[in-house]
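Working notes for the structure below.
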Amino acid sequence: MRGASATQDVLDEYPEQKVKVFSVWLPILRSDQGPPGRSALGRLSDDRASHYWDPDKLVAARLARDARSPQPVQECCVRSGTLWDIAAVYPPGVLWTDRLPVAIVFDGPVVGKKGAIRSGLMRFQ
């Protein structure tokens, strides 16, 4: 949940920035028994953010499978073979096809990557 709050902090700094945030929640911790509740969702309440519950961890698997150069290699955030708590920033206009595009930021934990997220957003202002 700290990652959601960190993402909201960055969005608050750029209220006019055209950006779309996909917040994908998945069961990693024992407490992750179902979709996030109101309290968790309230940590990232910006209108530019959409939330998704991914109980089968399909998005995490796709992010890991499609990672490639020149995308940065993440330095953390694999638990029981599942990629999680990752911030991925993509340039505007990229197409998501049968293979995800190359991210310009791809690392975590999100709470520790606020500077990288800011830098990624600033590249496209």
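These numbers come from the heavy atoms of this one structure, side chains and all, not from hydrogens, waters or symmetry mates.
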**Asked** Mind checking whether Leu41 and Trp25 have side chains closer than 4.5 Å, heavy atoms only?
**Response** yes
**Item:** Note, Val21 side chain near Asp46 side chain (heavy atom, < 4.5 Å)
**Value:** no
**Prompt:** Would you say Asp47 has more than 12 foreign heavy atoms packed within less than 6.0 Å of its CG?
**Reply:** no
**Prompt:** Shared ILVMFWY cluster between Ile86 and Val78, side chains joined below 4.5 angstrom?
**Reply:** yes
**Request:** Would you check if the side chain of Arg48 reaches a backbone N or O of Gln17 as a donor-acceptor pair within less than 3.5 Å?
**Result:** yes
**Results of side chain to side chain contact (heavy atoms under 4.5 Å, CB included) for Val59 - residues two or more places apart only** = Val24, Asp54, Leu63
**Message:** For a 4.5 angstrom cut-off between non-hydrogen side-chain atoms, does Lys57 reach Pro27?
**Reply:** yes
**Request:** Quick one: name the residues clustered hydrophobically with Leu29, using the 4.5 Å side-chain heavy-atom rule over I, L, V, M, F, W, Y, and just say none if it's on its own.
**Result:** Leu26, Ile28, Trp84
**Prompt:** For Arg68, does the CZ atom have more than 12 heavy-atom neighbours from other residues, nucleotides or ligands under 6.0 Å away?
**Reply:** yes
**Prompt:** What closest approach, in Å, do Ser45 and Gln8 show between heavy atoms, and which atom pair accounts for it?
**Reply:** N-OE1, 2.8 Å
**Request:** May I ask you to test the Phe22-His51 pair for a side-chain heavy-atom distance under 4.5 Å?
**Result:** no
May I have the list of side-chain donor-acceptor pairs in residues 93-117 shorter than 3.5 Å, sequence neighbours left out?
from, atom 1, to, atom 2, distance (Å)
Thr97, OG1, Arg99, O, 3.4
Asp107, OD1, Glu75, N, 2.8
Asp107, OD2, Lys113, NZ, 3.3
Lys114, NZ, Asp9, OD2, 3.1

**Request:** Find out whether Lys20 and Ser50 are in side-chain contact, i.e. whether some heavy atom of one side chain is under 4.5 Å from a heavy atom of the other.
**Result:** yes
